[in-house]
Amino acid sequence: MQDLNKIMKKLTAFLLFITASASLTAQTNLPIDSTTKKISFTQTIDCKGSKAELFDKSVDWFALNFKSSKDVLQVKDKEAGKLVGSFIVYNSEGGPVDANIIILVKDNKFRYTITDIVFSGNGQFKPWTFEEEVNPWKVGMMKKGINFIKKESISSIQNLISSFRENMSKPSISEGF
C-alpha cells in the first residue's frame, strides 16, 4: 500500500510539473512590451502611400472588419494620423475578451499595436488580464477554459493583424473607380 501511495505522489507531482511547464510555455510565447510589461502585438511596416491614403485605408478596414466601426473607434485624427479603438477580440460563453488597438500612419509607413487584452467575465466568472497567471479558483473557471479562451483570443488577434496588413497593401477602395 505504501508503494502505491509513493507512486501516486510521484505521478501527481509529475502531472503538476507538466501542467505548470505547459502554462509557462504558453505565457512566454506572447509578445511582452518591455516598458509596460503588457502583452502587445505591435509592428511598424513600410508601405507605399501618403499619410492620408494610409489613414483612409485604415478607416476602411475598421468599417469592413467590425459591425460598427463607430462603436470601436474612440479617436479618429486624420491630421495626426492616429486611430484608437477598443473592440471585442473573442466572445466566449463566460464573457468577452476586450483589447485596444492603436494605428499610427505616416507617409509610406504604418504601425499597429494591439494591447490591454482582458477577459471581462460575465458576472459568473471574474475578469482577468492576459499577462497574469490566472488562478482558476479565484476567477471561477477551470484551467482548461482559461487556456481555451487565451488560445482563441490570440488566434483571433493574429487573424485580425493579417487582415489589416493585407488591407494596407491593397490599392485604396476609391482607386480605379
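By convention here, the first residue in the shown sequence is residue 1. Just the heavy atoms: all of them, side chains too, but no hydrogens, waters or symmetry mates, feed the values below.
To the nearest 0.5 Å, atom NZ of residue K78 and atom CZ of residue F55 are 6.5 Å apart. For the atom pair CD of E152 and OG of S156, the computed distance is 8.5 Å after rounding to the nearest 0.5 Å. With rounding to the nearest 0.5 Å, the separation of CZ in F130 from CD in E132 is 10.5 Å. Annotation: the span from E131 atom CD to I117 atom CD1 amounts to 7.0 Å, rounded to 0.5 Å. The structure places CG of D46 at 5.5 Å from NZ of K109, a figure rounded to the nearest 0.5 Å. Note that CD1 of I149 is 13.0 Å distant from NZ of K144, once rounded to the nearest 0.5 Å.
Closest approach of V89 to A99, counting heavy atoms only: CG2-CB, 3.4 Å. In plain terms, the two heavy atoms of P136 and I146 that are nearest each other are CA-CD1, 4.1 Å. Taking each heavy atom of I88 and P96 in turn, the nearest pair found is CG2-CB, 4.0 Å. Nearest heavy-atom pair across T115 and I39 is OG1-O, 2.8 Å.
Using a 3.5 Å distance cut-off with no hydrogens or angles, the side chains of S86 and N100 do pair a donor with an acceptor. In the model, N65 has a side-chain atom that pairs as donor or acceptor with a side-chain atom of S163 under 3.5 Å. Under 3.5 Å, the side chains of D107 and S50 contain no donor-acceptor pair of N or O atoms.
In terms of modelled atom types and a separation under 3.5 Å, the side chain of Q74 and the main chain of V72 share a donor-acceptor contact. When atom types are taken as modelled, the side chain of S58 and the backbone of L54 share a donor-acceptor pair closer than 3.5 angstrom. No donor-acceptor pair under 3.5 Å is formed between the side chain of T129 and the backbone N or O of V118. When atom types are taken as modelled, the side chain of K37 and the backbone of S34 share a donor-acceptor pair closer than 3.5 angstrom. The backbone N or O of E79 lies less than 3.5 Å from a partner atom in the side chain of K51, making a donor-acceptor pair. In this structure a side-chain-to-backbone donor-acceptor pair under 3.5 Å is missing from D98 to S120. Between the side chain of S40 and the backbone N or O of I32, no donor-acceptor pair lies under 3.5 Å.
Looking at residues two or more places apart in sequence or on another chain, you find a ring-ring contact (aromatic ring centres under 6.0 Å, His included) between F119 and W128. Here S155 pairs with N159 under the side-chain contact (heavy atoms from CB on, under 4.5 Å) rule; sequence neighbours left out. For the ring-ring contact (aromatic ring centres under 6.0 Å, His included) test, residues two or more places apart in sequence or in another chain that qualify with F164 are W61, F110. Listed by chain and residue number, nothing satisfies the side chain to side chain donor-acceptor pair (under 3.5 Å) test with Y90 (two or more places apart in sequence, or in another chain). Judged as a side chain to side chain donor-acceptor pair (under 3.5 Å), and not counting sequence neighbours, K106 has no contacts.
Residue F148 is grouped with residue I157 when hydrophobic side chains (ILVMFWY) are merged at heavy-atom distances under 4.5 angstrom, including chains of intermediate members. Note on I161 and M168: same hydrophobic cluster, where clusters join Ile, Leu, Val, Met, Phe, Trp and Tyr whose side-chain heavy atoms are under 4.5 Å apart, directly or indirectly. No continuous path of hydrophobic side-chain contacts links F87 to V84 [ILVMFWY only; heavy atoms under 4.5 Å]. I101 and I45 fall within the same hydrophobic cluster, where Ile, Leu, Val, Met, Phe, Trp and Tyr residues are linked whenever their side-chain heavy atoms come under 4.5 Å apart, directly or through other members. Residue I114 is not grouped with residue V75 when hydrophobic side chains (ILVMFWY) are merged at heavy-atom distances under 4.5 angstrom, including chains of intermediate members.
Between F66 and L160, some side-chain heavy-atom pair lies under the 4.5 Å cut-off.
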query: Yes or no on side-chain contact (heavy atoms from CB on, under 4.5 Å) for K76 and V59, after CA distance, side-chain angles and deciding distance?
result: CA-CA 8 Å; K76 186 175 166 184; V59 172; 4.0 Å; yes
Derivation of the side-chain contact (heavy atoms from CB on, under 4.5 Å) call for Q124 and M141: CA-CA 9 Å; Q124 178 184 358; M141 184 180 291; over 6 Å; no
- prompt: After noting the C-alpha distance and the side-chain angles of T42 and D33, does the key distance pass the side-chain contact (heavy atoms from CB on, under 4.5 Å) rule?
  reply: CA-CA 9 Å; T42 188; D33 182 275; 5.6 Å; no
message: For L83 and L73: C-alpha separation, side-chain torsions, deciding distance, then whether side-chain contact (heavy atoms from CB on, under 4.5 Å) applies.
response: CA-CA 7 Å; L83 296 155; L73 284 171; 4.0 Å; yes
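Within the structure, the salt bridge (charged side-chain N to carboxylate O under 4.0 Å, His left out) test picks out the following pairs touching residues 110-129 (sequence neighbours left out): K38-D116.
In summary, E53 and K57 do not engage in a salt bridge, as defined by a charged side-chain N under 4.0 Å from a carboxylate O.
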